[in-house]
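Below: one structure, written as structure tokens.
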Number of protein chains: 2
Amino acid sequence: MTATETIGCVKAATKILGDKWTPQLLRFFVNEESVRFCQIQDLVEGINPRTLSARLDALEAEGIIEKVTAPEKSRCEYRLTKKGKELTPILRDMQNWSEQYA
Amino acid sequence: MTATETIGCVKAATKILGDKWTPQLLRFFVNEESVRFCQIQDLVEGINPRTLSARLDALEAEGIIEKVTAPEKSRCEYRLTKKGKELTPILRDMQNWSEQYA
DNA sequence: CAGTATCCGTATCGATACTG
DNA sequence: CAGTATCGATACGGATACTG
């Protein structure tokens, strides 16, 4: 935690977390274990379906979430992959910092 | 680190780290203790002075770095504030994740 | 419910040239 | 050295309406 330790390449995480909405979205995944499209629309104020869809697609393409479709129920869920779950420490740190300097 | 712990608001950190280049820039601050403009230009491939200047201004406005000018030397340095140093855990986690999933 | 299609404004960023 | 000025491309995201 000292400021002098080496910090190296940070790009992969930046590519994901730099997108607008994505950190907010991910915090729901961390809490909920599985999430539905309309659920996010209700919980995340201001996001529109076009953007939400784009974020979900990007996260899926990166292997951070996976889509679980149950066709007979005409609904689907998204849930974190292992790779996605390992973003949790970053999110937690971002939360801590944000609360401290709100 | 369990996926079920509560993650709350993450916006303040997102506002900073969501800007293109900023995480890359910050990693130099974490290592170097004090940094000069031209130093960053040399080290960060592809950034142009306009953008670098904008990032530095934003970081200064947020109280994450401070500018130390030595007029008689016609050069200045930037260094992390306490608030800025406390971004280190986030950057470190981002590095770990990025390396693991490069 | 879970998206897609379309359209469009703007914010962001790059390139380049120039300055105190 | 440490920036600013200008200009222009485009990527990004918002609003809205529509669909399997």
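The sequence lines fix the lettering, A, B, ..., with proteins before strands; numbering per chain opens at 1.
- Of the candidate nucleotides D/dG3, D/dA2, D/dG13, D/dA2 has the atom lying nearest to any side-chain atom of B/C38.
- The CG atom of B/D57 sits 11 Å away from the C1' atom of D/dA2 (whole-angstrom rounding).
- In this structure, CD1 of B/I47 is placed 13 Å from P of D/dT4, rounded to the nearest angstrom.
- Looking at heavy atoms from C-beta onward, B/L25 lies out of side-chain contact with B/V35 at the 4.5 angstrom threshold.
- Protein atom CD of B/Q41 is 8 Å distant from nucleotide atom C1' of D/dA2, rounded to whole Å.
- Between A/P49 and B/W21, the residue anchored closer to the 5' end of DNA chain C is A/P49, taking for each the nucleotide with the nearest heavy atom.
- Contact between the side-chain N/O atoms of B/T51 and the OP1/OP2 oxygens of C/dC13 is not found at any separation under 4.0 Å.
- Side chains of B/E62 and B/K83 form a contact here, defined as non-hydrogen atoms less than 4.5 Å apart.
- In this structure, the side chains of A/R92 and A/P89 come closer than 4.5 Å at one or more pairs of heavy atoms.
- Between B/R79 and B/E33 there is a salt bridge, since at least one side-chain N of the basic residue sits less than 4.0 Å from a carboxylate O of the acidic one.
- Nucleotide D/dA11 holds its P atom 14 Å from the CG atom of A/D19, rounded to whole Å.
- Donor-acceptor pairing under 3.5 Å, judged by distance alone, is absent between the side chain of A/R50 and the base of C/dG3.
- Between A/I65 and A/L56, the closest heavy-atom pair is CD1-O, 3.6 Å.
- The distance between atom CZ of B/F37 and atom P of C/dT19, rounded to the nearest whole Å, is 17 Å.
- The nearest whole Å value for the distance from the CZ atom in A/R75 to the C1' atom in D/dG20 is 18 Å.
- Phosphate proximity of C/dG3 to A/Y78: present, with a side-chain N or O under 4.0 Å from OP1 or OP2.
- The nucleotide C/dA2 finds its pairing partner in D/dT19, both defining distances of the Watson-Crick or G-U wobble pair being shorter than 3.5 Å.
- Going from atom CG of B/L56 over to atom P of D/dT4 covers 10 Å, rounded to whole Å.
- Phosphate proximity of C/dG3 to A/S53: absent, as no side-chain N or O sits under 4.0 Å from OP1 or OP2.
- B/L43 places its CG atom 13 Å from the P atom of D/dA2, with the value rounded to the nearest Å.
- For C/dG14, the OP1/OP2 oxygens have a side-chain nitrogen or oxygen of B/K20 closer than 4.0 Å.
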